[in-house]
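Here the structure is laid out as structure tokens; the discussion comes afterwards.
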Amino acid sequence: MQTVYAFDFDGTLTTKDTFFAFLLYSVGYVKFALYLLLLIPSVIAMLLHRISLQETKERLFARCFKGMTAQEFNTRCRAFAQANKSLLREGGLNCIQEASQKSPVLIVSASIKNYIVEFMDGHKVQVQATVPEIDSGGHLTGRFVGANCKGQEKVRRIQSLFPDRENYRLVAYGDSSGDSQMLAFADESHWKPFR
């Protein structure tokens, strides 16, 4: 029976959350602080269950990147990954390297696919993550394509690639409540494994 390996990214393969680190890297401290202040009404609305976490995340993302060309965005993603390789956990990379020699390996993350791909350059992995929406003119809209890849969405992404669940063994790695459904779905789960 085939084995499929699924890894969360932030906190599991990295030492900290990369989404906020990427925003900060991209816009600088002053703009980032201003954008966070402007987001306070959205955070309050989210806490009152008037808008979703995804809507709040998209609003912050839009402040930083709406209207930017996809080419410029990908250039920033590449630069961010190259400047922050030290965030990756060596044990996690070793595990991916070993697993990918014999099995499919997935990175399943709520972070942005574009920079995860850059972090994983040189590793044989498939990345299922949050994807920014690009308009017909090649600019970021500030929204995401589909659902934010966390919670049950992680399970859905795995099933979209490997639908015949009885025909493979799933090994999953995670570190937060956003990974709990994926870990429960797995045959073998690892909680905070590379610390």
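The figures here come from the full heavy-atom set of this structure, side chains too, leaving out hydrogens, waters and symmetry mates.
- Lys113 has its side chain out of reach of Phe144: every pair of non-hydrogen atoms, C-beta onward, lies at least 4.5 Å apart.
- Using modelled atom types, one side-chain atom of Tyr168 and one backbone atom of Phe162 make a donor-acceptor pair closer than 3.5 Å.
- By the 4.5 Å heavy-atom criterion applied to side chains, Arg169 and Val171 are counted as neighbours.
- Interatomic distance, CG of Leu47 versus OG1 of Thr56, reported as 8.0 Å (0.5 Å rounding).
- Remark: side-chain polar atoms of Ser180 are not paired, donor with acceptor, to backbone N or O of Ser176 under 3.5 angstrom.
- Here the CD-CD distance, from Glu90 to Gln97, works out to 12.0 Å after rounding to the nearest 0.5 Å.
- In terms of modelled atom types and a separation under 3.5 Å, the side chain of Arg89 and the main chain of Leu13 share no donor-acceptor contact.
- Using the six-membered ring where Trp is involved, Phe65 and Phe73 have ring planes that are perpendicular, over 60° apart on the 30 and 60° scheme.
- Side-chain atoms of Asp135 do not come within 3.5 Å of backbone N or O of Thr141 as any donor-acceptor pair.
- Side chains of Val105 and Lys124 form no contact here, defined as non-hydrogen atoms less than 4.5 Å apart.
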Check: Could you walk me through whether Ile107 and Ile96 pass the side chain to side chain contact (heavy atoms under 4.5 Å, CB included) check?
Finding: CA-CA 10 Å; Ile107 307 295; Ile96 285 172; 3.9 Å; yes
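- Taking both residues in full, the closest heavy atoms of Gln54 and Asn148 are given as OE1-N, 2.6 Å, listed atom of the first, atom of the second, then distance.
- Note: Tyr115 and Phe22 have tilted aromatic rings, judged against thresholds of 30 and 60 degrees for the angle between ring planes.
- The side-chain heavy atoms of Leu88 and Phe9, taken from C-beta on, include a pair separated by under 4.5 Å.
- Ser103 places no side-chain N or O within 3.5 Å of a backbone atom of Ser100 that could act as its donor or acceptor partner.
- In this structure, Asn94 and Phe194 have side chains that are not in contact, with every pair of non-hydrogen atoms separated by 4.5 Å or more.
- Between the side chain of Glu55 and the main chain of Ser52, a donor-acceptor pair closer than 3.5 Å is present.
- Listed here is the closest heavy atom pair of Ile51 and Ser42: CD1-O, 3.4 Å.
- Side-chain N or O atoms of Ser189 include none that pairs as donor or acceptor with a backbone N or O of Ala172 at under 3.5 Å.
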Next item on the list: List the steps and the verdict of side chain to side chain contact (heavy atoms under 4.5 Å, CB included) for Leu60 and Leu38.
Entry: CA-CA 9 Å; Leu60 179 57; Leu38 293 171; over 6 Å; no
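- Of the options Thr12, Asp175, Thr15, a side chain to side chain contact (heavy atoms under 4.5 Å, CB included) to Arg195 is made by Asp175 and by none of the others.
- Between Lys150 and Asp8 there is no salt bridge, since no side-chain N of the basic residue sits under 4.0 Å from a carboxylate O of the acidic one.
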Next item on the list: For the pair Gln128 and Ile158, evaluate side chain to side chain contact (heavy atoms under 4.5 Å, CB included) and give the outcome as yes or no after the intermediate values.
Entry: CA-CA 8 Å; Gln128 290 291 313; Ile158 294 167; over 6 Å; no
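- Looking at Arg165 and Phe185, their side chains come closer than 4.5 Å, going by heavy atoms from C-beta outward.
- For Arg78 and Asp121, the salt-bridge test fails: no basic side-chain N is under 4.0 Å from an acidic carboxylate O.
- The 12-atom threshold is not exceeded at NZ of Lys16, counting heavy atoms of other residues, nucleotides or ligands nearer than 6.0 Å.
- Using a 4.5 Å heavy-atom threshold, the side chains of His123 and Leu93 count as touching.
- What you find for Gln2 and Pro104 is that their closest heavy atoms are NE2-CG, 3.3 Å.
- Taking both residues in full, the closest heavy atoms of Ser111 and Ala129 are given as O-CB, 3.3 Å, listed atom of the first, atom of the second, then distance.
- For Lys31, the NZ atom is loosely surrounded, since the number of other residues' heavy atoms within 6.0 Å does not exceed 12.
- Using a 30° and 60° split on the angle between ring planes, Phe80 and Phe119 fall in the perpendicular class, above 60°.
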Next item on the list: For the pair Thr130 and Lys57, evaluate side chain to side chain contact (heavy atoms under 4.5 Å, CB included) and give the outcome as yes or no after the intermediate values.
Entry: CA-CA 11 Å; Thr130 300; Lys57 185 175 178 180; 4.1 Å; yes
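- Taking 4.0 Å as the cut-off between side-chain N and carboxylate O, Glu58 and Arg143 do not count as a salt-bridged pair.
- Minimum interatomic distance between Arg157 and Ala147 (heavy atoms only, all atoms of both residues): NH2-O, 3.1 Å.
- Asn84 places no side-chain N or O within donor-acceptor distance of the main-chain N or O of Leu87, the cut-off being under 3.5 Å.
- A heavy-atom distance below 4.5 Å is found between the side chains of Cys149 and Val108.
- Heavy atoms of other residues, nucleotides or ligands lying less than 6.0 angstrom from CD of Glu98 number 12 at most.
- For Ser26 and Arg76, the side-chain atoms include no donor-acceptor pair closer than 3.5 Å.
- The two residues Asn114 and Glu118 have their closest heavy-atom pair at O-CG, 3.4 Å.
- Salt bridge annotation for Glu153-Arg156: present, with a cationic side-chain nitrogen under 4.0 angstrom from a carboxylate oxygen.
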